[in-house]
Amino acid sequence: MDDLLTMTPQGLYCARGGFHVDPWAPVPRAVLTHAHADHAREGSAAYLCAAPGLPIARQRLPRTVIEAWQYGERHTMGEVQLSFHPAGHVLGSAQLRIEAGGEVWVVSGDYKRALDPTCAPFEPLRCDVFLTEATFGLPVFRWDPTAAVLEDLLGWWEANREAGRASLLFCHVLGKSQRLVAELGLRTERRLFAHGAIAGMCDVYRDAGVKLLPVDRVAETAKGKDFAGELVLAPITARGTTWMRRFGDAAVALVSGFMRVRGERRRRSVDRGFALSDHADWPALLQTIRETAARRVLVTHGYAVPLAHHLRDSGLDAEALETPYGRDQEEMVTGEEAR
Ligand SMILES: [Zn+2]
Ligand SMILES: [Zn+2]
């Protein structure tokens, strides 16, 4: 039997269903796993996504036709049955389950197994062929419990407060910053400040029913406000811009899974790194792949080649796929987002 998904110049294509998955060039029908820039690109004629992600997709892909289905709803598309299932990555992120002729393929999209108060938890699915991401597909990537990272972060903020400095936290606009706002809201009563791009995405989450404490837009604070002692969430693209000047001699930190690697903090010249990620770490990748019971695994993103290699060594039929997904995933913030 033919493969349910094949690689085309526009991206992964399901001929029997008549759609592309997260295409990187315009196509007639795009099915999206989530709205991060490397997965949701403009220009296709029609889009389909999971319902909780619709407000984000609408913001990211204005002036386009976007249809949405609830998680778990099965629909017939051409000759296949298609459904979305929670991936636990960001609000509305989905795994795609594609079934035809008794065979099941699952595309993970980006995913994590750690609980996140801002989105539905990852749903383990069984399948014959599993397409997994491998953003952190190396044994060095192992996450500490979220609570431990948050405790570190609060300690850092407190030390900066005592030193009379602002704490500037660089994080991804979509997903990571909302998760931080939600997690910090469980642990502190203090107000949080944010760059407009992040505050705007918090509004989208709040409108979608996610509980998030208010964040103050830096641009809307009184002229000459002293940010000493405050915590400010900012996209990495704000770095080196005039927007940064108002914070004076601020302590700067980056929240990213890459902070797990020795030397990365220095290379990215930040004072502190917090290894909190919206992607599965190495043990979670292996656990998830095992749970699918897939006989064949196709791997995308950053460390696709080493993960596929490891899986082959463990006796699985595995292969890395060349895609543009995840190019500097955690830090890539488009100009549009930095507005
Ligand atoms: Zn993503
Ligand atoms: Zn991705």
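In each ligand, atom 1 is the first atom listed, and ligand 1 is the first ligand listed.
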| N/O/S atom of H89 under 2.8 Å from the Zn ion (ligand 1), yes or no? | yes
| the Zn ion (ligand 2) contact by H36, N, O or S atom under 2.8 Å | no
| query | Can we say D278 and K112 salt-bridge, meaning some charged N sits less than 4.0 Å from an Asp/Glu carboxylate O? | reply | yes
| query | Would you say D110 has an N, O or S atom lying under 2.8 Å from the Zn ion (ligand 2)? | reply | yes
| said: Can you tell me if, anywhere in H279, an N/O/S atom lies at a distance from the Zn ion (ligand 2) that is smaller than 2.8 Å? | reply: no
| query | Hey, is there an N, O or S on H39 sitting under 2.8 Å from the Zn ion (ligand 1)? | reply | no
| message | Surrounding NZ of K211 (heavy atoms of other residues, nucleotides or ligands, distance under 6.0 Å), is the total greater than 12? | response | no
| So, H20 versus Y13, ring centres under 6.0 angstrom or not? | yes
| Should the pair R97-E123 be classified as a salt bridge under the 4.0 Å nitrogen-to-oxygen rule? | no
| Should the pair H75 and W69 be assigned to parallel (<30°), tilted (30 to 60°) or perpendicular (>60°) ring geometry? | parallel
